[in-house]
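Structure first, then comments.
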Number of protein chains: 2
Amino acid sequence: MELTERKKKVLRSIVDLYIRTAEPVGSKAIAALPDMKYSSATIRNEMADLTALGYLEQPHTSAGRIPSAAGYRLYVDELMMDYRLSIDETKSINTAIEEKMQRVDKLVEKVAKLVSQATNLPAISAASRSSDAVVKRFELIYAGSGSFILVLMMPGDQVVNKLIKLPLNVEESDLKVLSAVLNAAMTDLPLEEMTAELLERVMRSAGAAGPLVPVILDFTQEMLKNHGSTNMAVYGQSRLLGLPEYRDVDKAQKILSSIDEDTLSNLPAVMRNANGTKVLVGPENVAQELKDSSVVMTKFDIGEGMQGMIGVVGPTRMDYAQVTARLSYFAETLSKAFAKPEQPQLPEAISEEPHKEA
Amino acid sequence: MELTERKKKVLRSIVDLYIRTAEPVGSKAIAALPDMKYSSATIRNEMADLTALGYLEQPHTSAGRIPSAAGYRLYVDELMMDYRLSIDETKSINTAIEEKMQRVDKLVEKVAKLVSQATNLPAISAASRSSDAVVKRFELIYAGSGSFILVLMMPGDQVVNKLIKLPLNVEESDLKVLSAVLNAAMTDLPLEEMTAELLERVMRSAGAAGPLVPVILDFTQEMLKNHGSTNMAVYGQSRLLGLPEYRDVDKAQKILSSIDEDTLSNLPAVMRNANGTKVLVGPENVAQELKDSSVVMTKFDIGEGMQGMIGVVGPTRMDYAQVTARLSYFAETLSKAFAKPEQPQLPEAISEEPHKEA
DNA sequence: GCTTAGCACTCAGGGAAATGGAGTGCTAAA
DNA sequence: TTTAGCACTCCATTTCCCTGAGTGCTAAGC
């Protein structure tokens, strides 16, 4: 049996309606749609075929049909109409994003919140630094009273620092020497090349400040490691409870407890190699716990060598068209916002995002 | 009518039992308790009195009694037996905390998670810096290609930095002058005293680097502001769904959507002036949404002039004794962990927590 | 005077049975 | 090929009844 145009149209209508109502869809309801020119009996036949083809399911004999996972898949891939954002929607997304973005971790939280609000679903947001993690320059600032500040500068104007105290007396001149040595030997090195052997060599050349080298190297390595790490936030879990599919508390708990940073942590990885917006329908999902739900996600560019990702989790019956549209618009707007940096407070000074630490 | 010892004993037993079972407690059940020497009829009389006194409520005529808010209050304040942590519990809390604590925001997340696990309830954790926010020292590092790094050092060895770029050519010597001026004029000043007048004066003395002053001041002010800010995390919301009082999805959603950073943000403030462990029973709660639930929270010391707070949210029927005990132990252990800093990697170097930024 | 056995009464919760209605598949006519 | 018609299925809802836990009160017992 082949999938005629009419069958597709019927399927689309069913999915559309089911997305709206969350109730099994009957032949009458479809036949009653304004642009449906056939009687309910005809629709019934088509529905029987669609069921046989595996695109629809029937909860029980005397109920309507609901889309199967395959049905949703087809819908997402071929059938759904593009959802066009209203001016209001674009506006509210725009103004939401325009507020000054702070540190990346705050950003991630904020974006998760915004996306969750915009879609009325739980949202995930993640930012991961791309792995071009090397130190461009070392800087040692003598900080008085036997301590100094180690400053690491990385590509994309990222700066990291750490205050180090030592009982042993280090002269400011020793630090100068040490920083020269470090900059000569250890810049532009990826994590893997910072070997014990290198450590020894640097220590030997460092003279009086030699004992500091291991501390510095340690911190550097830790930073480079974290540098490739992912920052993520989840927000709005409770929105699921408003949906009829989660009226059952047990189901709700199961899904809610799996929507957290831990179980969702592999989503960003899934996204890394994907392009555009990705939809994972039910059983296609990565995590076992999500196999009754769907995930829609997309990437955006943060700049400074960082990658962002936003996504939502919802019932397989979710308004894919709308969610996809909103998510994409979000991603686009975010990418744009990062591409053109904020206006500086001072006309002739271009200043980066504030870098803050604890 | 006075609250005799026997009435108290009955009340305690009722609350204890209700906490365990979540079902209205009848006179028979209390009479059957091993250390209860009276018949159910006597208990019934006592229960009638306790109801008249406002400590108990009756869902309907033929049901048992449940504690009222006043009943819980009395229970928490006077009646409940201390819960003694088992060795296993203390052990698991200890090992959980012993893992190296990273940056404060990560710490907050981690603690929230641990507390949630330990109590099987949603947990809040917050850390706020005390408001002794002043800059101890300014440092300007020339970073080549028309940019420099501004480093602010604050009390408690906190260091903050920011990379600033400028098209106008600034010599390294100008930066030296500027930093001297800044250190002379702007150290140890609280936020309030950084006035426009000061800005002007500093700009005048700064010479060639004068135009940089506003940017620097701006950033400094922003940092000082954030410095007094609160970092908080909420974890384990879904645990509520396991409890019988939240079997009703609507109730569950109501409470769950109010357990987030926003609505709970005033809890740390409540805690600030309190001592020890605080229990907010039902209607005593700050937020309207929580008036059917209870909050237990306590403070701990992070050191470096920072204050921590942990708390849990749960049904009014929660095991106050156990939760209080666990929370207190957590707080104690955390305070201790921060009091004795980690061993340094290098015997003669004491290094601070890593300071990282994006 | 306190305690307790006894008893009539109340009422929520649960199961069984009855009802209604939405939806189906099939057949036969258009 | 489409559609009207019809018998059939079966879920969801409602209604009803019954059970049993729990109460308050009274009167007898210690």
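For the pair M36(A) and S13(A), the tightest heavy-atom approach, listed with the atom from each and the gap, is CE-OG, 3.6 Å. The two residues T263(A) and D260(A) come nearest to each other via the heavy atoms OG1-OD1, 2.9 Å.
A donor-acceptor contact closer than 3.5 angstrom is absent between the side chains of T277(B) and T324(B). Residues Y246(B) and Q253(A) have side chains that never bring a donor and an acceptor to within less than 3.5 angstrom of each other.
As rounded to whole Å, 11 Å separates atom P of dC2(C) from atom CD of E46(B). As rounded to whole Å, 9 Å separates atom C1' of dA21(D) from atom NE2 of H60(B). In this structure, the CG atom of L50(B) is 12 Å from the P atom of dG24(D), given to the nearest Å. Here dG22(D) presents its P atom at 9 Å from CD of E23(B), a figure rounded to the nearest Å. Atom CD1 of I30(B) is separated from atom P of dG22(D) by 11 Å (rounded to the nearest Å). For the pair M47(A) CE and dT3(D) P, the interatomic distance rounds to 16 Å; values are reported in whole Å. Whole-Å rounding puts the N45(A) CG to dT3(D) P distance at 10 Å. If you measure from atom NZ of K28(B) to atom P of dG24(D), you get 15 Å, rounded to the nearest angstrom.
Ranked by how close their nearest DNA chain C nucleotide is to the 5' end, A41(B) and G64(A) are led by A41(B).
The phosphate of dT2(D) has OP1 or OP2 within less than 4.0 Å of a side-chain N or O from R6(A). Here T42(B) reaches the OP1 or OP2 of dT4(C): one of its side-chain N or O atoms lies under 4.0 Å away. Put simply, S39(A) has a side-chain N or O that comes within less than 4.0 Å of OP1 or OP2 on dT3(D).
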Would you list the protein and nucleotides 13-15 of chain D atom pairs, both N or O, that sit under 3.5 Å from each other?
none

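Y72(B) and Y320(B) have their aromatic ring centers within a separation under 6.0 angstrom.
Contacts of T61(A) with the nucleic acid, taken as non-hydrogen atoms under 4.0 Å apart, involve only primed sugar atoms and P, OP1 or OP2. At the heavy-atom level, S27(B) lies under 4.0 Å from the strands shown only through sugar-phosphate atoms.
Under the 6.0 Å distance and 45° angle rule, R12(B) does not count as a cation-pi partner of Y75(B).
Crowding of K251(B) atom NZ: a count of heavy atoms from other residues, nucleotides or ligands under 6.0 Å not exceeding 12.
The base of dG6(C) sits with one of its N or O atoms less than 3.5 Å from a complementary donor or acceptor on the side chain of R44(B).
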